Amino acid sequence: MKTIGELVKIAESNDRNGEITISRYVKQNMRAEIDRTEAYYNSQFLSGDTDADGRPKPFVNICYPAVNIWYRATDIDSKNLVIRARNEKQVIPALLATFLLQQWMNSENFGQFLNDWGHALAKHGSAVIEIVEKEGKLICRVQDWNNLIVDPIDFDANIKIKRLSFTPAQLKRNKSYDKKMVQDLLENLEVRETADGQKKDNKADYIQVYEIHGELPLVYLTGKEDDEEYVQQMHVLSFQAKKENPNEYDEFCLFSGREKQDPLMITHLIKNEGQTYVGGAVKNLFGLQWQVNDDEKMIRDQMLLASKIFFQGSDEAMAGANFFSNVDNGEYLLHKPNEPMTRVSTSPDIAALQNHQGSVKQHANTVNGIADAMISQAKSGTAWRQTQAELQEAHSLFELFVETKGLYLKQIFKEYVLPYFKKQLDNDEAIYKILEAHEIKQIDDRYLPAETTRRVNQKKKDTILSGNIYDPAMEQQDMAEMGSQIEKELIGNQRFIKPSKGSWKEELKDLDWDLELDVTGESQDVQAQMATLNTALTFLLGLQGRPMNDDEKLVFGELLMASGTLSPLKLSVNQSKPQPAMAVGGGQPMVQQPVNQLA
């Protein structure tokens, strides 16, 4: 059986040199595609920055803006992640769970993870994420493809290797690593010298470490050959070349242990079976990027030629002469006998090249599903409806991408985030939230009556304990006064809410935690949204206060839902608030001096 170190070396060799067959005519070298993607995204040539004559080659980057458009069009914010209720009883608990989840995401900077993930997917089409619990915190990170060694066909069934770099101080500070192995590794890093005292190499400031995750036989942990059960494991190794034979190496095992679950997960915008790395906006433009650069090179060459000055004449004595000292122009060319000396015209003809380059760029946008209206303002004379139709058609592709990301987010939350998040709910800390109008109505209609009842009951208790008699006839009046007082205290759109059952864990124990991606449509046109809202407002004003019948409500709600601009549920905030009633139960607002907020 091969050692962990041998498995790592084999995987590293396959990663550098391996090529897989996707179909009869299609082969893939995953590492070569990753390297080419990074090069083109950063405006770097694979063949060097200069041509055969030593002149700099132009790089007209069409990949970078394509990645930016994909990134922007598929963006998901943390505020889009909500917990949905499965029945009427779960409406308020689901709303509170959403508040708690978003409060946690803000404190843990989860939005930055979503941004990093979205950018990696736009550039590479596939992204590996790592989610680990460390020192009581859930850390979510997007892994750099340049530091990953994975199987190019089946990501999940094979080991995953991360290449890390640490300073000696960082290795010593890591409490999980074997201290003796760390010390042996550092001692082995001494600078090697030749017999005459010359340095063979320089001592590195950073030490490369390999972190391995995967299901492996238990023998790698126990050392017992009969332990053949496969379990999730993590190993951390480092290699150093042997002093006596640089072609061989010593292994230093810094850590070995079992894992509860694999912390690495692969995600795609478009999944291709049998491919770990699919490729994104950059890979789609591999061939077109070369054509654009080649056109630009020929245009520059012609422009360079046009900057030269040539003369022709019949005097052979002038052949090879240069009319300008140390300047690369003014060359003299032989002409027909008895002809005067004249200047040779070198006007460039680059119109055809520019047209071809423009058509290639247009084709590049078509390949990546990018409409002209997404890049620049519509041309003069273009109908507004035509522009909107183009945008809608282009965004339909990105809506599918967002839907795919939403499915992966559900999986991420189900397997990693929610199990951790639920453990953090064993507290009674108040939720502080700036609410939208429809959320304020949901909270206030449910909890203000409960708070009113609680205060009246407290007044009864205080009256009786003081030796006086509470008049039951005053209860309705006290309820009305307390309700009015609470509404005055809750100025603005900020609320402080605490659980009524001891902790949020107890408060939300019956919730199904059904996560949903509520896409707000950040990439949609604002003018179209304003037009929809204006039409809806005109219709409501036309009713002149008359309530809509059931058929009108149904049709109006369906129209709003189809537009995606406004949810019909938000319109319920215009209904009159019910009078305070007896306690309903559930979490209750903390009535304290509110912070005034601009609505």
Side-chain angles (χ1 to χ4, degrees), residues 30 33-34 37-38 40-41 62-82 105 110-129 131 140-145 155 265-286 288 363-375 388-415 417 515-526 528-529 562-565:
M30 184 177 74
E33 289 188 358
I34 293 171
T37 295
E38 292 290 347
Y40 281 8
Y41 182 76
I62 62 173
C63 298
Y64 194 93
V67 170
N68 287 342
I69 291 175
W70 275 36
Y71 175 37
R72 186 176 67 244
T74 59
D75 180 50
I76 294 177
D77 286 338
S78 57
K79 66 182 180 182
N80 303 140
L81 302 174
V82 298
M105 288 190 291
F110 192 78
Q112 183 62 52
F113 162 75
L114 291 177
N115 290 340
D116 295 341
W117 180 49
H119 189 266
L121 285 174
K123 183 164 71 171
H124 292 284
S126 304
V128 177
I129 61 175
I131 304 177
C140 305
R141 290 176 294 213
V142 179
Q143 297 300 305
D144 186 353
W145 278 106
F155 177 87
M265 175 181 172
I266 187 76
T267 59
H268 310 277
L269 283 181
I270 301 177
K271 183 178 180 180
N272 290 343
E273 197 65 32
Q275 280 184 269
T276 296
Y277 182 85
V278 177
V282 178
K283 181 182 175 181
N284 292 344
L285 304 180
F286 277 176
L288 297 174
H363 183 54
N365 292 334
T366 303
V367 168
N368 272 331
I370 298 173
D372 291 339
M374 300 175 68
I375 304 173
Q388 296 307 305
E390 291 179 0
L391 285 173
Q392 184 175 359
E393 181 65 25
H395 282 302
S396 62
L397 170 65
F398 299 115
E399 287 173 1
L400 293 176
F401 287 168
V402 172
E403 182 181 354
T404 302
K405 290 175 67 175
L407 294 175
Y408 278 118
L409 276 174
K410 283 189 175 183
Q411 183 180 350
I412 292 170
F413 271 76
K414 181 179 179 180
E415 297 182 8
V417 177
L515 184 76
E516 182 173 318
L517 179 63
D518 186 14
V519 181
T520 57
E522 294 182 354
S523 58
Q524 294 180 2
D525 184 70
V526 175
Q529 294 179 343
S563 71
T565 301

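This structure is a prediction, so every number in the text was calculated from the model and none was measured.
The line from OH of Y277 to CZ of F155 is 14.0 Å long, rounded to the nearest 0.5 Å. To the nearest 0.5 Å, the span separating CD1 on I62 from CG on L288 amounts to 5.5 Å.
Looking only at side-chain heavy atoms (C-beta outward), T276 and I266 come within less than 4.5 Å of each other. Between L285 and Y40, the closest side-chain pair of non-hydrogen atoms is not below 4.5 Å. Under the 4.5 Å side-chain criterion, counting only non-hydrogen atoms from C-beta, Y71 is in contact with N115.
For the pair T37 (side chain) and K283 (backbone), a donor-acceptor distance under 3.5 Å is absent. A donor-acceptor pair under 3.5 Å is formed between the side chain of N80 and the backbone N or O of D77.
Residue pairs meeting the salt bridge (Lys or Arg N to Asp or Glu O under 4.0 Å) criterion with at least one member in residues 110-128, sequence neighbours excluded: E38-K123. For the salt bridge (Lys or Arg N to Asp or Glu O under 4.0 Å) condition, no pair includes a residue of residues 269-280, sequence neighbours left out.
In this structure, H268 and S126 approach most closely via the heavy-atom pair ND1-OG, 2.8 Å.
Residues passing the side chain to side chain contact (heavy atoms under 4.5 Å, CB included) test with T74 are F398, F401, V402, K405, sequence neighbours excluded.
Within 6.0 Å of atom CZ in F286, more than 12 heavy atoms from other residues, nucleotides or ligands are found, so the atom counts as buried in its surroundings.
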